[in-house]
Amino acid sequence: MRKPSLLTAFYLCFASMTYGQHYSMEAITGYPFPSELTPAAQGSKVAWAVNEQGKRNVYVATGPDFSPRKLSNYTQDDGQEITSLSISDNGKWVVYTRGGDHSGKDGFTPVNPTHDPIPPKTEIWSVPFEGGTAKVLSEGDYPAVSPHGDSVAFIKGGQAYIIAIDGSAPPRVLFSIKGNSSSLEWSPDGSKIAFVSDRNGHSFIGVYTSATAPIQWISPGFAQDNSPRWSPDGTQIAFVRTPGTGGAPDSILARRHKPWEIRVANISEGNSTLLWKAPATLSGSIPTTDGATNLHWGANNSVTFLSYHDGWPHLYSIPGKGGTPLLLTPGNFMCEQISLTADKKWLVFSANNGPSPQDIDRRHIARVPVDKAAMEMLTTGDGIETYPVVTGDGQNIILFTATAQQPLLTAKMPFGKGKPSLISASLLPKDFPAAKLITPTQVIFKAPDGTPVHAQLYQPAGGPAKKPAIVYVHGGPQRQMVLGWHWMDYYSIDYALNQYLVDNGFIVLAINYRLGIGYGYEFHKPANAGVLGASEYQDVKAAGEWLAAQSQVDPKRIGIYGGSYGGFLTAHALGRDSRLFAAGVDIHGVHNRSQFAAPPATPPAPDADTAEKVALLSSPVAYVDTWTSPVLLIHADDDRNVNFNQSIDLINRLEKKGVNYETLSIPDDTHHWMKYSNELKVNKAAAEFLIRQLGK
Ligand SMILES: CC(=O)N[C@@H](C)C(=O)N[C@@H](C)C(=O)O
């Protein structure tokens, strides 16, 4: 290749400085991603996991400065995630699971995105908090460290095992019984373990005491009992009961209350009494947001839980002996990422609440006593604060913070008044282009049925008068995109791609369509949505039309992309409205939902036939006949959330129709790009396709 002349080289250098050098995809996705933040029960020790370009490690810190210290030494982009991270109560040990994909079905099933002939295992590890070599304790998952800090109970093959925390002896079976055991909860004095025994259609709460004592079943019924929570004195257990599987097949299309109740049992007697039954309304259904019922047993005999029944995911408190539930967090916002302090006197959580109208599209930290409706917002402003935990000494909150420019980093703040200050800024790579990232602004437009739809508008500065634009559609679907970097790794990747597209001249509109969270029950659980009619698609189409009406947008160059449920809606848009959406990228989308409509039942549900037809009309494959816009389809074939054949099905139909499609097939990775190099490959492919189809 001919070398450029000196003059050409000077011009190129001048142009890049003047018009702004585009940053690389490697630079914008090279951020460290933190997760699994956990405090020790005593003192000021904390631990968390960090994914640094695929190399996932445990970091620890101790107050008052909380300078991060890397505790493990995994050096490969090997796709092995760290979960169930905990610090022993005495602060001496850190225990975690390494492997699996816990954001998908069968989370403990090993992942092998590096195509090793001998696949990795999902294993439990321990390492001294003060440092040392991390050690594999056993193959297994869901470790629960004894309050004595000397042993680890865990699950393998649906049964319970135990091992010395230092691995000084081989693991042994703790108990082996019918069904699948899970949800191991040590009693406060470490003498017993409560657990759930899932028996396929019903489940019991059991209590293990010793190898010579029979398992004690707590109030066994004909229901599904879950979430065992010990009272602080260890004499009682609270748990959540929902109906068992069975009964006359009900309508599939009707929206029904999904009942749940909280019960309390005395260990000495084993029977249980009803503490609270959720109101038999749609919003009184068992909550499906972060942490679901968030059942805790706090100080002053206060049982706390989350319920949606007043229209928002709110926290409540009820005396363990019974009484009327007290609403702890009144207001039009949702509570998420809820944790109980070591002294059990406070709940700390994140909420889309604050003095600014934009705060509904952010997250800030709050706290509330477990027995008093005295909630305090502890953070405010333009940032995004999430996953708060209080240190065991009650002095500090450790949390994750982000802004529009700064990706998720670990921070500290006093437990009370004060501002967060970063403790892990040093982990951000020097070439991270923070200064080049724009600040998305809040947009609210109306869907055809009048529903207000929130969105974030990313606008590049300067450039041509009419720009190409992209509608970005998140997955879930119960998710909410916000006015900055997101706290889920999956959506941090998409936030990075959105910023990259803006840096390459696109306008991006990230929409929070109905079925999403953050805007109350009716928005989150709308009629005729998903497999019951995809009513949420009207919000996506309205977003495209909103963009087309903007003076700075070229209406002939509007594209769309999204992953998973976002891929589903991307395919809907390209099939149903190719005249509005000129191109798109569909990442592991759902395309044919007819087989999900009617669960097999004898006799079939009264409206099974209608449900099948509605499900097909809710599926993008029903609109291939009107699909004309080019599309890139991406899927990994070890996907445990959306089956790989969902994309094969659509591709074969597009091929037959003669639609212009491109594909990227990724062997052995999952729904969550466990290998960083695959995440990079996907983002690059998506950006290249959109720029080629719609760009300059
Ligand atoms: C729950 C689930 O797996 N839903 C998928 C269809 C999906 O959207 N997955 C990701 C992207 C998510 O946000 O859960």
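It should be emphasised that the depicted structure is a prediction, and the values quoted were computed from it without experimental measurement. Whatever order the structure lists ligands and atoms in, that order sets their numbers, starting from 1.
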| request: Have a look at His474 and tell me which of Tyr561, Tyr513, Tyr565, Tyr495 forms a ring-ring contact (aromatic ring centres under 6.0 Å, His included) with it. | output: Tyr513
| query | So, Arg514 and Asp449, do they make that salt bridge, N to O below 4.0 Å? | reply | yes
| Between Arg640 and Asp101, is there a side-chain N and carboxylate O pair less than 4.0 Å apart? | no
| message | Keeping Ser492 on the side-chain end and His486 on the backbone end, is there a donor-acceptor pair under 3.5 Å? | response | yes
| task | Check ligand 1 against Tyr490 and write out every atom of the ligand that is under 4.0 Å from a heavy-atom position of the residue. | result | 11 (C)
| query | For atom 14 (O) of ligand 1, what's the nearest protein heavy atom and its distance? | reply | Arg479 NH2, 2.8 Å
| field | Contact partition for His474 relative to ligand 1, non-hydrogen atoms under 4.0 Å | value | neither
| query | Nearest to atom 4 (N) of ligand 1, what protein heavy atom do you find, and at what distance? | reply | Gly476 O, 3.0 Å
| message | As a quick check of understanding, evaluate side chain to side chain contact (heavy atoms under 4.5 Å, CB included) for Ile691 and Phe506, giving each step before the final call. | response | CA-CA 9 Å; Ile691 292 169; Phe506 283 81; 3.7 Å; yes
| What do the steps show when you test Phe400 against Trp487 for side chain to side chain contact (heavy atoms under 4.5 Å, CB included), and what is the final call? | CA-CA 8 Å; Phe400 294 151; Trp487 53 91; 6.0 Å; no
| remark: When distances are taken from atom 3 (O) of ligand 1, the protein heavy atom at minimum range is Asn641 ND2, 2.8 Å
| So which protein heavy atom does atom 6 (C) of ligand 1 come closest to, and at what separation? | Ser564 OG, 2.8 Å
| field | Numbered atoms and elements of ligand 1 in range of Gly475, under 4.0 angstrom, heavy atoms | value | 8 (O), 13 (O)
| query | For atom 13 (O) of ligand 1, what's the nearest protein heavy atom and its distance? | reply | Tyr491 OH, 2.5 Å
